[in-house]
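Remember, it's 1-based here, ligands and their atoms both numbered in the order they're listed.
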Amino acid sequence: MSEHEALSASEFETLIAAAKSARENAHAAYSNFRVGAGLRATSGRIFGGCNVENATYGLTICAERVAIVKAISEGERGFDAISVVTDTDTMTPPCGACRQLIWEFCGDIPVIMSNLKGKTEVLQMRELFPKPFDSSHL
Ligand code: THU
């Protein structure tokens, strides 16, 4: 169990819908792999994010990190859950860089991975990122 209060099924659905909608704005001109994320702050506000690619591929920013940076820059500090939506048969987990950032700001929250056909899988950050480097090591 995480220290975060469990979200209701309808709150999960709302977060998935936010990720789907953010995905519509993906700039995935190079990979054509469109990703949407939804991040729920403890304030109740939901922040959407999409992947934003660049001709210099290394500057690409993932959907999850876009959502986190938007929320942090708006003053949010506590988070309940993050959703990720792609149009794939297997669910898309956050990449390593995103796991590090999610851990930094959100800790052990549920990561809700869904596709456009309505399939969903939920894993806790602890499962995805079992031995994180964080401020406790500094
Ligand atoms: N991507 C994300 O936005 N989030 C993920 O969880 C996995 C990967 C993006 C980065 C890049 O634009 C494209 O997907 C292909 O890697």
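Heavy-atom distances between Cys98 and ligand 1 stay at or above 4.0 Å for every pair. In this structure, Cys50 does not count as a contact residue of ligand 1, since none of its heavy atoms falls inside 4.0 Å of the ligand.
Against a heavy-atom cut-off of under 4.0 Å, Ser31 is close to the following atoms of ligand 1: 13 (C), 15 (C). Residue-ligand proximity, Cys62 to ligand 1, at heavy-atom distances under 4.0 Å covers atoms 1 (N), 2 (C), 3 (O), 4 (N), 10 (C). Those atoms of ligand 1 with a heavy atom of Thr60 less than 4.0 angstrom away are 10 (C), 11 (C), 12 (O). Of all atoms in ligand 1, listed by their number and element, those nearer than 4.0 Å to a heavy atom of Val35 are 1 (N), 2 (C), 3 (O), 4 (N), 9 (C), 14 (O). Every atom of ligand 1 with a heavy atom of Pro94 under 4.0 Å away is listed here by number and element: 6 (O).
Looking at atom 3 (O) of ligand 1, its nearest protein heavy atom turns out to be Ala63 N, 2.9 Å. Among protein heavy atoms, the minimum distance from atom 16 (O) of ligand 1 is reached at Phe33 CD2, 4.7 Å. Regarding atom 12 (O) of ligand 1, its nearest protein heavy-atom neighbour is Glu53 OE2, 2.5 Å. Of all protein heavy atoms, the one closest to atom 7 (C) of ligand 1 is Thr92 CG2, 4.0 Å. Of all protein heavy atoms, the one closest to atom 6 (O) of ligand 1 is Glu64 OE2, 2.5 Å. Protein heavy atom closest to atom 9 (C) of ligand 1, with residue, atom name and distance, is Asn51 ND2, 3.6 Å.
To the nearest 0.5 angstrom, Ser114 atom OG is 12.0 Å from Arg23 atom CZ. Here the CZ atom belonging to Phe133 is positioned 7.5 Å from the CD atom belonging to Gln100, to the nearest 0.5 angstrom. For the atom pair Thr88 OG1 and Lys117 NZ, the distance stands at 8.5 Å (nearest 0.5 Å).
At a 4.0 Å heavy-atom cut-off, ligand 1 touches Pro93 through the backbone alone.
With a 4.5 Å cut-off on side-chain heavy atoms, Leu128 and Pro93 count as touching.
The shortest heavy-atom contact between Ala37 and Ala22 is O-CB, 3.9 Å.
Using the six-membered ring where Trp is involved, His27 and Tyr30 have ring planes that are perpendicular, over 60° apart on the 30 and 60° scheme.
Salt-bridge annotation for Asp89 and Lys119: absent, with no side-chain N of the basic residue lying under 4.0 Å from a carboxylate O of the acidic one. Salt bridge absent: Arg126 and Asp108 never bring a charged side-chain N and a carboxylate O closer than 4.0 Å.
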Check against side-chain contact (heavy atoms from CB on, under 4.5 Å), Met113 and Thr92: CA-CA 6 Å; Met113 295 161 280; Thr92 302; 5.9 Å; no

